[in-house]
Protein chains: 2
Amino acid sequence: MHARGSGRQRGREDALSRERIVAAAIELLNRDGEAGLTFPALSRHLATGPGAIYWHVADKGELLTAACEAVVIRTLKAVPAGATPPDTIRALALGMFDAMAASAWIGSALIRAESSLTMVQLIEPLGQQICALGVPKKVRWAALSALLSYILGVGGQNAANQQYTHAHGIGRADYLEKICAAWKQLDAQTHPFARSVAGELRTHDDRADFLAGVNLILQGMSTLRR
Amino acid sequence: MHARGSGRQRGREDALSRERIVAAAIELLNRDGEAGLTFPALSRHLATGPGAIYWHVADKGELLTAACEAVVIRTLKAVPAGATPPDTIRALALGMFDAMAASAWIGSALIRAESSLTMVQLIEPLGQQICALGVPKKVRWAALSALLSYILGVGGQNAANQQYTHAHGIGRADYLEKICAAWKQLDAQTHPFARSVAGELRTHDDRADFLAGVNLILQGMSTLRR
DNA sequence: ACCTGAACACCGTTCAAGT
DNA sequence: ACCTGAACACCGTTCAAGT
């Protein structure tokens, strides 16, 4: 009863596959955040039942890990090679910053220990550039940890902020204004620092600040050159 | 029908309160991780119904935020004051490292934008020490971001690893051995860095490496002194 | 081999009813 | 004011049955 001359037995444009499932998962995650990835929503999106998905994927955790890995690999591929080590590091960092802004869920997904093989995709190019910078072997791991944590930490924080303002339907300016006001209400005796930087919050550029931090770490590494 | 001469109307040792609920939540989170905090489990632990908890707390998100804040405040209080700025920063960093090792869930909880008021508890003492170090005003925020991200990033990663080994009932040595083996199987052409550091993974001390990274960042900051 | 979809266990949240 | 606990909506996962 199905179409002759074709391998397709389904009314959809293509057969189900792990890749198509992961692609659909990424779409849902980007649109509605981590809460948007549910099996009912995914089944609807793929015009199938939940059982079909479980044939290709072990569980929700594996799905999240696979989605995360796909985004990270795609991001790193887009970074041009052949530039000087500091420039390459800056490009890698900004690439991840932008990817996390578009996919806020990668931050928390990368923390899980299950995704250590995804992490190595990120560790490898950064580590190579650190070696190229001439950082001594003894402090290479510390240097890598500092850089990697900074990228994932600040990128994740920025993504969470964006996600928050978007979800609550408030503008970025209003959001910063709110935090600024809250920080200025803190006690001057116990919170002098927060009060002193509160004003800068309103006018700062997250991406530029992020890049400044990367440069600061690169600056620190250059003092380690042997 | 209830006991005379006492304000207590309940068979429990004490009346329900936000504090007792948060304390119980922390207990569950520390024992069973983020998945361990459920309203059925919390109700059982407090010998009450879920509705009673909702009288004191808005929802699960607020509960997680409150639990996180309580742990962070408790941790920071335990850090002795009066030491030199670098020593104080080291003590703050190690305090958070240990707290995250005992409470792996704080990592992902702190990322959420809702906990910005908890974050300021951490930003304030670190910021004060950065000022005391003589870091110029213009790069204070970048310096703070780098330090904070490093602490939360590496601390969170370490906590996730511990959680993973504990949950899967494997020893730390076996776990590192597994990662080491996986990294050594990577292609030599594409992953020279991961292969070269794989061996060190087995013998390294997470806490010592963490401290080395903090010192590296402190070193970088000292070059910024005006 | 691959898919269907009902069924199950479990969880967050609500709410009418109690004290 | 504060608590009880049944009820509801929803989700992850399984599995007997289909093709």
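Convention: sequence-line order gives letters A, B, ...; per-chain numbering from 1.
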Next item on the list: Please tell me which of A:Gly51 and A:Ala35 maps to the more 5' nucleotide of DNA chain D, matching each residue to the nucleotide holding its nearest heavy atom.
Entry: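 The 5'-side residue here is A:Ala35.
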Item checked: Non-hydrogen atoms of A:Tyr150 and A:Phe210 that approach each other most closely -> OH-O, 3.1 Å
Check: Can you name the nearest heavy-atom pair linking A:Arg112 to A:Ser115, along with the distance?
Finding: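 Looks like O-OG, 2.8 Å.
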Gap between atoms [atom1] and [atom2], on [X] and [N] respectively (whole Å):
X: A:Leu37; N: D:dG12; atom1: CG; atom2: P; result: 7 Å
X: A:Tyr54; N: D:dC11; atom1: OH; atom2: C1'; result: 9 Å
X: B:Arg20; N: D:dC2; atom1: CZ; atom2: P; result: 14 Å
X: A:Asp59; N: D:dG12; atom1: CG; atom2: P; result: 11 Å
X: B:Glu34; N: C:dC11; atom1: CD; atom2: P; result: 15 Å
X: A:Leu64; N: D:dG12; atom1: CG; atom2: P; result: 11 Å
X: B:Lys60; N: C:dC10; atom1: NZ; atom2: P; result: 15 Å
X: A:Arg44; N: C:dG5; atom1: CZ; atom2: P; result: 14 Å

Check: Distance check: side-chain N/O of B:Trp55 vs OP1/OP2 of D:dC3, anything under 4.0 Å?
Finding: no
Notebook entry, point to check: Are OP1 or OP2 of D:dC3 and a side-chain N or O of B:His56 less than 4.0 angstrom apart?
Noted result: yes
Would you mind telling me which of [options] lies closest to the side-chain atoms of [X]?
X: B:Thr48; options: D:dT4, C:dT13, D:dT13; answer: D:dT4
X: B:Ala52; options: D:dT13, D:dC3, C:dT13; answer: D:dC3
X: B:Pro50; options: D:dG5, C:dG12, D:dT13; answer: D:dG5

Next item on the list: Measure from the side-chain N and O atoms of A:Arg20 to the backbone N and O of A:Ala15, and report whether any donor-acceptor pair falls under 3.5 Å.
Entry: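 Pair found, side chain donor or acceptor close to backbone of A:Ala15.
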Notebook entry, point to check: Is a side-chain donor or acceptor of A:Arg195 paired with a backbone partner of A:Leu186 at a separation under 3.5 angstrom?
Noted result: yes
Check: Near B:His166 NE2, under 6.0 Å, is it more than 12 heavy atoms from other residues, nucleotides or ligands?
Finding: no
Note to self: Classify B:Ile53 by what it touches in the nucleic acid, base, sugar-phosphate, or nothing, heavy-atom distance under 4.0 Å.
What the structure shows: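 Result for B:Ile53 = nothing.
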Check: Which one of B:Leu148, B:Val71, B:Thr118 satisfies the side-chain contact (heavy atoms from CB on, under 4.5 Å) criterion with B:Leu110?
Finding: B:Thr118
Exercise answer: donor-acceptor pairs, residues 54-61 of chain A side-chain atoms, under 3.5 Å, sequence neighbours excluded:
unit_1: A:Asp59; atom_1: OD1; unit_2: A:Gly61; atom_2: N; d: 3.3
unit_1: A:Asp59; atom_1: OD1; unit_2: A:Glu62; atom_2: N; d: 3.0
unit_1: A:Lys60; atom_1: NZ; unit_2: A:Leu37; atom_2: O; d: 2.9

Check: Dot-bracket for DNA chain C, 5' to 3', counting Watson-Crick or G-U wobble pairs under 3.5 Å, with [ ] for crossing pairs and | for inter-strand pairs?
Finding: ||.|||||...|||||.||
